[in-house]
Amino acid sequence: GAGPQFGRPAPPPQTGWERLRELWQRDERQRYPEETVNILKSAFAGGVIGWVYGGLPAFRQARKAFIETSHGALFQNRADAVQSAHRAGLRSFIRYGWRWSWRVATFVTIFNMVSTGLSVYRNKTTISNFASAGAFTGALFRMHLGLQGLAGGFVFGTAFGIPAGGLLIIMQKLAGETLAEKRHRERKELYEQKLAEWQSRLNVTEVLGQMESNAQGGPETERARES
């Protein structure tokens, strides 16, 4: 039989689970889907934003507190005093910046994973996907506070997910198509291309087979005539 390279190309994923599995698989060029790359990019951006959000106020507050409590301290000169104040602020920047950084990065990552998973599974991008992702993530972050915290996180996450999702959808629409629409179009174009290449190879194989059959049939005909 023909080798696997001559097999008919597999059609694009038809079910939600198949699309979800494809979300974490590399393509023929060893690249992950754009949705997966966006999740990683947003996690990094969330970490940076969280670090700045938590670190800058802590830096200013620690520097101010150091200045207020060090009037009686002895320093070699003014530069030494300024450097000491900056070092105190930098320690707080790293300490509190990290606390906010990993929390924001984790929140953004879970939110994007859930919203992207819903969009891929349902094969469409809607506000409800982001609202559900926000509600799940908010409840997950506040569940350690009990039922009241769970409800508060649910409400907060939903309130965060709706405008965030609306903004993302508007930005994608302005670009011409949503990620789900782009992914569907690319899958269809790639499948049609592979199908055309497969059909071309199949036609060549049939022609070669016919030529080989004709070549073998010639000598057999001559031998039949001689006998």
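Annotation: F136 is not in aromatic contact with F141 [ring centroid separation under 6.0 Å not met]. Under the 6.0 Å cut-off for aromatic ring centres, Y32 and W24 do not qualify, their centroids lying 6.0 Å or more apart.
For the pair T158 (side chain) and F154 (backbone), a donor-acceptor distance under 3.5 Å is present. At least one donor-acceptor pair closer than 3.5 Å links the side chain of R19 to the backbone N or O of Y121. Side chain of R142 to main chain of G152: no donor-acceptor pair is present (N/O by atom type, distance under 3.5 Å, no hydrogens or angles). At distances below 3.5 Å, at least one donor-acceptor pair connects side-chain atoms of S115 with backbone N or O atoms of N112. Counting only distance, with no hydrogens or angles, the side chain of S101 and the backbone of G47 share a donor-acceptor pair below 3.5 Å.
You'll find the side chain of F107 reaches within 4.5 Å of the side chain of F160, heavy atoms only. In this structure, the side chains of L168 and F130 come closer than 4.5 Å at one or more pairs of heavy atoms. Two residues are said to be in side-chain contact when any heavy atoms from C-beta on lie closer than 4.5 Å; T116 and E35 meet this criterion. L56 has its side chain within reach of F93: a pair of non-hydrogen atoms, C-beta onward, lies under 4.5 Å apart. Counting only heavy atoms from C-beta outward, the side chains of I169 and K173 approach each other to under 4.5 Å. Between W17 and R21 there is a side-chain heavy-atom pair separated by less than 4.5 Å.
Listed by chain and number, the residues in a side-chain contact (heavy atoms from CB on, under 4.5 Å) with R95 are R99 (sequence neighbours excluded). T126 meets the side-chain contact (heavy atoms from CB on, under 4.5 Å) test with R122, K124, S128, N129; sequence neighbours excluded.
Taking a 6.0 Å sphere around CH2 of W100, one finds it holds 12 or fewer heavy atoms contributed by other residues, nucleotides or ligands. At most 12 non-hydrogen atoms from other residues, nucleotides or ligands lie less than 6.0 angstrom from CD of Q148.
We find the NZ-OG1 distance between K41 and T36 to be 12.0 Å, quoted to the nearest 0.5 Å.
Both L118 and F111 are assigned to one and the same hydrophobic cluster, defined by single-linkage of ILVMFWY side chains at heavy-atom distances under 4.5 Å.
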